[in-house]
Amino acid sequence: MKLYGRSHDRRSLARHAGDLSAAGGVRSVVLDDGSERGIRTLEFRTGAGLSFDVLVDRAMDLGGAEFEGRGFGWRSATGFRHPGLHEYRDDDGLSMMRSFSGLLLTAGLDHTLFGAEVDASQYRYPPRRTAVHALHGRVANLPARLTGYGERWQDDGRCVLWAEGEVRQAAIFGEHLRLTRRIEADLGGSEIRLTDRVRNAGFDPTPHMYLYHVNVGWPFLDEGARYELPPHRTLWRSDSVPEQGVSHTEMPAPLPGFVEQVYEHELEADAAGLARPRLVNERLGVYFELEFDTVQFPSFFQWLHLREGAYAVGFEPSTHHVQGEAAAREDGSMTFLEPGEEREYTTTFRVGHLD
């Protein structure tokens, strides 16, 4: 592995430093001020310029992220709000907007996209014949049970920084879904590997929808940055696209009063079934890339939120189309997990220098 311009192995690092943290590692801290107070956080440093935070009490989502001191994980005005302050049905189902910040916000586990009222008769509880959902579901504001973290040397000579935990979304006479999340990064590396398993731990067929809201902000996002997509077909676009006419590939500076522009694209995958959309900033000489499996995530949304004060672009691999849960139930594409059934999702976040 290459650290600080030189190659090092386990023995070499031990000769130079009595503690691996001199090179990188994972550190557990607790945020202690304002609306973030009390959030358990894991700070990852790879020693190759990549650092990022795992918000244990927010579904182990990814918060701030930097490459060589330059931020790429979006920072909004909400900060990383403690989930104890979250009211799921507040703001007419748009309460997520009061805790929306960071490189990754996970949507699910039983609902994504805009709110819906749907049949819940499978749970056989007469007072709750329907389930009412808010934007992007509940999971992002559920604390995880942290099962482990640290640094581990592999037989191939790599040192892997890792964390693992479980998020439980459950209700009496309702869903019982469990998300097991593992996050890895290599010492000396510049990528984050995410492996999620969602299991129906209950005894009723349970709806399952899943989406990653991956958000890149300034300074990786700046005027002149390029949003690059693999060969694709655009299936849907929001009404704001023709109304505003802002390019979805060449990024402007922050715009006053900008209305979000959203697209659903069908991305062409490589031979392994992977797609790799990216954001390129030639002025800084850097890029951000998201690699995901198009079988696991057959839909992809591009989110442009280029308004002053909330400047961000989003990469959103999704299990379902943009029309959402009610439409998926109607056309037969809705996923129901049988008792004990599990789905796995593997995704890589990558940053680096342009060639």
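- Side chains of Arg307 and His305: no donor on one and acceptor on the other come within 3.5 Å.
- Taking both residues in full, the closest heavy atoms of Pro339 and Pro205 are given as CD-N, 4.3 Å, listed atom of the first, atom of the second, then distance.
- Judged by distance alone, the side chains of Thr347 and Arg193 never bring a donor and an acceptor atom under 3.5 Å apart.
- Every residue was checked against the side chain to side chain contact (heavy atoms under 4.5 Å, CB included) condition with Asp155, not counting sequence neighbours, and none meets it.
- Cluster annotation: Leu304 is connected to Phe220 through the hydrophobic network of ILVMFWY side chains, with a link wherever side-chain heavy atoms come within less than 4.5 Å.
- Judged by distance alone, the side chains of His265 and Thr234 do bring a donor and an acceptor atom under 3.5 Å apart.
- Under the 3.5 Å distance criterion, the side-chain polar atoms of His232 are matched with a main-chain donor or acceptor of Pro230.
- The number of heavy atoms from other shown groups lying within 6.0 Å of CG (Asp32) is above 12.
- The environment of Arg37 atom CZ is sparse: at most 12 non-hydrogen atoms of other residues, nucleotides or ligands sit within 6.0 angstrom.
- A salt bridge does not link Asp9 to Arg11: none of the charged nitrogens lies less than 4.0 Å from a carboxylate oxygen.
- Of the charged side-chain nitrogens involved, at least one lies within less than 4.0 Å of a carboxylate oxygen, so that Arg329 and Glu325 count as a salt-bridged pair.
- If you look at Trp74 and Phe100, their ring centroids are closer than 6.0 Å.
- The only member of Ile183, Leu105, Asp53 that meets side chain to side chain contact (heavy atoms under 4.5 Å, CB included) when paired with Leu62 is Ile183.
- With rounding to the nearest 0.5 Å, the separation of CG in Leu142 from CZ in Arg58 is 11.0 Å.
- Atom CD of Glu330 has 12 or fewer neighbouring heavy atoms from other residues, nucleotides or ligands inside a 6.0 Å radius.
- With 3.5 Å as the limit, one finds no donor-acceptor pair spanning the side chains of Asp204 and Thr206.
- In summary, the aromatic rings of Tyr123 and Phe173 are positioned with their centroids too far apart to meet the 6.0 Å limit.
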**OP:** Decide side chain to side chain contact (heavy atoms under 4.5 Å, CB included) for Arg343 and Leu337; before the verdict, give the C-alpha distance in whole Å, the side-chain angles of both, and the deciding distance to 0.1 Å.
**Re:** CA-CA 9 Å; Arg343 294 289 174 94; Leu337 298 181; 3.8 Å; yes

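- Using a distance-only test at 3.5 Å, with no hydrogens or angles considered, a donor-acceptor pair links the side chain of Ser95 to the main chain of Glu87.
- In this structure, a donor-acceptor pair under 3.5 Å is present between the side chains of Asp110 and Gln169.
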**OP:** Assess whether ring pair (Phe, Tyr, Trp, His ring centres under 6.0 Å) is satisfied between His248 and Tyr263, documenting all intermediate values.
**Re:** CA-CA 9 Å; His248 69 289; Tyr263 306 75; 5.0 Å; yes

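- Put simply, the side chain of Tyr88 gets close to the backbone of Ala134: a donor and an acceptor are under 3.5 Å apart.
- Ring pair Trp236/Phe300: centre-to-centre distance not below 6.0 Å.
- In this structure, a donor-acceptor pair under 3.5 Å is present between the side chains of His321 and Ser299.
- In terms of hydrophobic clustering, with Ile, Leu, Val, Met, Phe, Trp and Tyr side chains grouped at heavy-atom distances under 4.5 Å, Trp303 and Val214 are assigned to different clusters.
- Counting only distance, with no hydrogens or angles, the side chain of Glu289 and the backbone of Pro277 share no donor-acceptor pair below 3.5 Å.
- Under the 4.5 Å side-chain heavy-atom criterion for ILVMFWY residues, a single connected hydrophobic cluster contains both Val322 and Met96.
- Criterion: ILVMFWY side-chain heavy atoms under 4.5 Å apart, direct or through other members. Under it, Val160 and Tyr149 are not part of a common hydrophobic cluster.
- Taking the charged nitrogens against the carboxylate oxygens, Glu341 and Arg199 have no contact shorter than 4.0 Å, which rules out a salt bridge.
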Original post:
Could you go step by step and tell me if Ile192 and Thr348 meet the side chain to side chain contact (heavy atoms under 4.5 Å, CB included) rule?
Top reply: CA-CA 6 Å; Ile192 305 166; Thr348 301; over 6 Å; no

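- With respect to the salt-bridge test (charged N to carboxylate O, under 4.0 angstrom), the residues Arg45 and Glu43 do not qualify.
- Salt bridge Arg350/Glu291: present, at least one basic N to carboxylate O contact under 4.0 Å.
- The aromatic ring centres of Phe315 and Phe288 sit less than 6.0 Å apart.
- Ring geometry for His111 against His133 counts as parallel: the plane angle stays under 30°, on a 0 to 90° scale with 60° as the upper cut.
- Salt bridge annotation for Asp196-Arg182: absent, with no cationic side-chain nitrogen under 4.0 angstrom from a carboxylate oxygen.
- Taking each heavy atom of Asn215 and Gly314 in turn, the nearest pair found is OD1-CA, 4.3 Å.
- Between the side chains of Thr106 and Asp61, a donor-acceptor pair is found at a separation under 3.5 Å.
- Side-chain N/O atoms of His353 and Glu68 include a donor and acceptor closer than 3.5 Å.
- Put simply, the side chain of Glu308 does not reach to within 4.5 Å of the side chain of Leu255, judged on heavy atoms.
- For the residue pair Leu161 and Thr46, the shortest heavy atom distance occurs at CD1-CA, 4.1 Å.
- More than 12 heavy-atom neighbours from other residues, nucleotides or ligands sit within 6.0 angstrom of CD on Glu344.
- The residues Arg168 and Glu166 are annotated as salt-bridged, a charged nitrogen and a carboxylate oxygen being separated by less than 4.0 angstrom.
- Gly189 and Ala48 make their closest contact through O-CB, 3.6 Å (heavy atoms, listed as atom of the first residue, atom of the second, distance).
- Put simply, Val246 and Tyr311 are part of the same group of oily side chains (I, L, V, M, F, W, Y) that touch within less than 4.5 Å, one to the next.
- In this structure a side-chain-to-backbone donor-acceptor pair under 3.5 Å is missing from Gln323 to Ala328.
- Between the side chain of Thr249 and the backbone N or O of Tyr227 there is no donor-acceptor pair closer than 3.5 Å.
- Residue pairs meeting the salt bridge (Lys or Arg N to Asp or Glu O under 4.0 Å) criterion with at least one member in residues 231-244, sequence neighbours excluded: Arg233-Glu266.
- Defined by atom type and a distance below 3.5 Å, a donor-acceptor pair is present between the side-chain atoms of Glu117 and Thr130.
- Remark: side-chain polar atoms of Ser240 are paired, donor with acceptor, to backbone N or O of Glu260 under 3.5 angstrom.
- Atom CG of Leu354 sits in a crowded spot, with more than 12 heavy atoms from other residues, nucleotides or ligands closer than 6.0 Å.
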**OP:** Decide yes or no on side chain to side chain contact (heavy atoms under 4.5 Å, CB included) for Leu177 and Asn200, but give the supporting numbers first.
**Re:** CA-CA 5 Å; Leu177 295 167; Asn200 181 1; 4.1 Å; yes

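- Residues Phe297 and Tyr345 bring their aromatic ring centres within 6.0 Å.
- No side-chain donor-acceptor contact under 3.5 Å links Gln302 and Glu316.
- Between Asp222 and Arg283, at least one side-chain nitrogen of the basic residue sits less than 4.0 Å from a carboxylate oxygen of the acidic one, meeting the salt-bridge criterion.
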**OP:** Before giving the answer on side chain to side chain contact (heavy atoms under 4.5 Å, CB included), spell out for Val26 and Glu151 the whole-Å C-alpha distance, their side-chain angles and the decisive distance to 0.1 Å.
**Re:** CA-CA 7 Å; Val26 187; Glu151 306 88 20; 4.0 Å; yes

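- Between the side chain of Ser238 and the backbone N or O of Val262, at least one donor-acceptor pair lies under 3.5 Å.
- Between Glu184 and Trp162, the closest heavy-atom pair is CG-CB, 4.2 Å.
- Arg98 CZ: 12 or fewer foreign heavy atoms inside a 6.0 Å radius.
- Here the closest heavy-atom approach between residue Val167 and residue Ala59 is recorded as CG2-CA, 3.8 Å.
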